[in-house]
> 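Handing you a structure now.
Positions are given from 1, in the same order as the sequence printed here.
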Amino acid sequence: METITDISLLSGALPTVVLAIGALGAVWLLVAQRRWYYYLALPACLIGATLVTLLAYQIVENWWRPFPDPVETEVYVWIGVAIAAIALLVPRILTARHWPGRVLTVVAVLAVVLAASSQINRVFAYYPTLRTALGMSNAHEVDFAAVPGPTATTVTGRPLDSVWQAPAGMPSTGDVTSVSIPGDKSGFAARPARVYLPPAYLTDPRALLPVLVMMAGQPGEPDDWIKSGGLATTMNDFAAAHDGLAPVVVVADGTGSTLANPLCMDSRLGNVDTYLAVDVPNWVKAHLQVDPNPRSWAVGGLSYGGTCALQLATNHPDVYPTFLDFSGQVEPTLGDRQRTVDAAFGGDDAAFRKVNPLDLLTARDFSGSAGMFVVGAGDDEYRDGQRKMAAAAKGAGMEVVYLEVPGGHSFAVWTAALRASMDWLAKRLGLIP
């Protein structure tokens, strides 16, 4: 049963109502019965907000460049709207003759800021519901210490569903937990990983399940896949249709902090490649009872994480012969090739090409690997690159699936991408025939 916290923030009545109230707030801020407001305060605030927004654009896109790709213009427009509303707060209050008008001005500013925030959220689909915006999870959360230890009896086979029968008392949904995975070999300082354990893991006897290692984007954090990407819901739905069977999913940290971009490789920026290809698999096999066969392991991610997944699949096909690349880039980047090579390898382009997926796909045979590329049909920034990489992977002998889903570069696309990938992934990992 849907509660108020499950109402969509992306579609339907609520975002429309928020936008309408914000428009009314904007009208209140623009209308005042004082000449000095029209001829001085209003134009000064609007021009000032425009200049501040343009300066923010210049800093983010051309000077600081914390993100490898440009932020959508629509986002800057809504940021400018919010700044303008805040700038108008004091002068519009001064035009009000009575307290009700002053209070209404404060409400109007809040309404405009909320509407702008709502529209920015719709661009990225980061908070799909009020529940996620409030930090409330749909997943069943447990401490890692409460995760059941190894069982004496395991069920294994390929396909696994041909030999598995759900035991009595098996939970109806899986568990989600957090745990720190140390960088023993890499020295990489990662944030805690998020782990999804399906119902078939939480039983005795236990199904010996495959593993999917996932990464978030940049900026981002491991919890993005749980909070915004619907990972637990997607896995629980798949498990419900397959007697509790689904992959064990480890959402590992591929950046080290929200804004960091270490390019998912071993370089001057950090040893992320070794962390994800050595430390994470070693930890999972040592601390979770899973199928250790590489045929049962996959890696995936969104945006930066999708690029990272393809990097790992091409640099370590013996570890990750299967991958999911959702809206990934043509190559790991800090914005352009020269800046990337200079920062990561001190200008050594050959060192970059040695680990760059497109160069590896051109030079080597990957006939034992398989991957799924999914991108938003409206993602003009990444769509052509995904087509190019899918063609390169196919040309290198990989089994390739390419899919476009409605949307742009957002969590709505990545949620749909994961759901659309499940049957193909489950067959590839040996869960179903």
Side-chain angles (χ1 to χ4, degrees), residues 139-140 142-179 181 193-214 225 231-232 234-252 276-300 309 312-313 316-324 368-370 372 418 421-433:
H140 183 238
V142 299
D143 289 334
F144 184 72
V147 172
T151 61
T153 305
T154 58
V155 178
T156 185
R158 199 174 181 92
L160 188 54
D161 75 343
S162 66
V163 294
W164 169 256
Q165 287 187 333
M170 184 184 71
S172 60
T173 62
D175 287 345
V176 171
T177 188
S178 295
V179 63
I181 300 178
R194 298 286 270 154
V195 179
Y196 169 83
L197 301 169
Y201 186 91
L202 307 174
T203 63
D204 189 358
R206 171 177 291 158
L208 207 61
L209 296 167
V211 176
L212 171 62
V213 175
M214 294 288 277
W225 265 115
L231 186 147
T234 295
M235 293 298 160
N236 282 334
D237 289 348
F238 184 87
H242 296 87
D243 293 324
L245 296 174
V248 168
V249 185
V250 178
V251 188
L276 294 171
V278 178
D279 290 328
V280 170
N282 285 351
W283 183 93
V284 171
K285 292 171 188 177
H287 293 84
L288 297 174
Q289 197 171 20
V290 297
D291 188 343
N293 190 326
R295 289 197 307 163
S296 298
W297 282 63
V299 64
L312 292 164
H316 306 281
D318 55 328
V319 180
Y320 298 116
T322 303
F323 68 91
L324 304 173
S369 297
M372 189 163 183
L418 182 60
S421 302
M422 286 306 299
D423 284 345
W424 177 86
L425 180 67
K427 291 177 183 177
R428 176 74 183 172
L429 298 183
L431 273 177
I432 61 177

> Closer than 3.5 angstrom, by distance alone: can the side chain of Tyr196 be matched with the main-chain N or O of Pro247 as a donor-acceptor pair?
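No; judged by distance alone, with no hydrogens or angles, the pair does not exist.
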> Closest approach of Pro433 and Pro159, non-hydrogen atoms and distance?
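Heavy-atom minimum between the residues: N-CB, 3.7 Å.
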> What do the steps show when you test Arg194 against Val176 for side chain to side chain contact (heavy atoms under 4.5 Å, CB included), and what is the final call?
CA-CA 7 Å; Arg194 298 286 270 154; Val176 171; 3.7 Å; yes
> Is Val195 close to Leu288 at the side-chain level, that is, under 4.5 Å between some pair of heavy atoms?
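Yes, at least one pair of side-chain atoms sits under 4.5 Å.
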> Is any side-chain heavy atom of Val147 closer than 4.5 Å to one of Asp175?
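No. Closest side-chain heavy atoms not under 4.5 Å.
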> Check whether any side-chain N or O of His242 sits under 3.5 Å from a backbone N or O of Phe238 as a donor-acceptor pair, and report yes or no.
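Yes; at least one donor-acceptor contact below 3.5 Å.
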> Using a 3.5 Å distance criterion without hydrogens, assess whether the side chain of Asn293 forms a donor-acceptor pair with backbone atoms of Arg295.
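Judged by distance alone, yes, a pair lies under 3.5 Å.
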> Tell me if a side-chain donor or acceptor on Arg158 pairs with a main-chain N or O of Leu429 at a distance below 3.5 Å.
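Checking the backbone N and O of Leu429 against the side chain of Arg158, a donor-acceptor pair under 3.5 Å is found.
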> Any donor-acceptor pair under 3.5 Å linking the side chain of Trp164 with the backbone of Ala207?
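Absent.
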> Please determine whether side chain to side chain contact (heavy atoms under 4.5 Å, CB included) holds for the pair Trp225 and Leu418, giving the CA-CA distance in whole Å, both sets of side-chain angles, and the decisive distance to 0.1 Å.
CA-CA 10 Å; Trp225 265 115; Leu418 182 60; 4.0 Å; yes
> Quick one: closest heavy-atom pair of Ala232 and Ala139, and the distance?
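Shortest heavy-atom contact: CB-CB, 3.8 Å.
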> Is the NZ atom of Lys285 crowded by more than 12 outside heavy atoms at less than 6.0 Å?
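Count over threshold, so yes.
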> Do you know the tightest heavy-atom contact between Pro205 and Val155?
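Nearest heavy atoms, Pro205 then Val155: CB-CG2, 4.3 Å.
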> Any chance you could lay out the side chain to side chain contact (heavy atoms under 4.5 Å, CB included) test for Leu202 and Met170, step after step, and finish with the verdict?
CA-CA 7 Å; Leu202 307 174; Met170 184 184 71; over 6 Å; no
> Which atoms form the tightest heavy-atom contact between Asp279 and Ile181, and what is the distance?
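Result for this residue pair: O-CG2, 4.2 Å.
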> If every non-hydrogen atom of Leu276 is compared with every non-hydrogen atom of Ala252, which pair is closest and at what distance?
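Minimum heavy-atom contact is CD2-CB, 3.8 Å.
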> Looking at Pro210, is its backbone amide N or carbonyl O close enough to the side chain of Ser296 to form a donor-acceptor pair, meaning the two atoms are under 3.5 Å apart?
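No; zero donor-acceptor contacts below 3.5 Å.
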> Is there a side-chain contact between Pro199 and Asp243 in this structure, where contact means two heavy atoms from C-beta onward sitting under 4.5 Å apart?
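Heavy-atom side-chain distance check fails, nothing below 4.5 Å.
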> Does Thr177 reach the main-chain N or O of Val142 with its side chain, forming a donor-acceptor pair under 3.5 Å?
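Answer holds: yes.
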> Give the C-alpha distance, both sets of side-chain angles, the deciding distance and a yes or no for side chain to side chain contact (heavy atoms under 4.5 Å, CB included) between Thr151 and Gln289.
CA-CA 8 Å; Thr151 61; Gln289 197 171 20; 3.4 Å; yes
> Taking side chain as C-beta onward, heavy atoms only, is His316 less than 4.5 Å from Val299?
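Not in contact.
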> Taking Asp291 for the side chain and Val211 for the main chain, is one N or O donor matched with an acceptor at less than 3.5 Å?
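No, the answer is negative, given that no donor and acceptor are paired below the 3.5 Å cut-off.
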> Would you indicate whether the side-chain heavy atoms of Leu209 and Leu431 approach each other to under 4.5 Å?
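Contact flag for Leu431/Leu209 side chains = yes.
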> Output yes when a side-chain donor or acceptor of Arg428 lies under 3.5 Å from a complementary backbone atom of Pro321, and no otherwise.
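Present.
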> Would you say the side chain of Val284 lies within less than 4.5 Å of the side chain of Val248, judging by non-hydrogen atoms?
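Not touching, per the 4.5 Å side-chain cut-off.
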> Examine distances only and state if a side-chain atom of Arg206 and a backbone atom of Tyr201 form a donor-acceptor pair shorter than 3.5 Å.
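Pair found, side chain donor or acceptor close to backbone of Tyr201.
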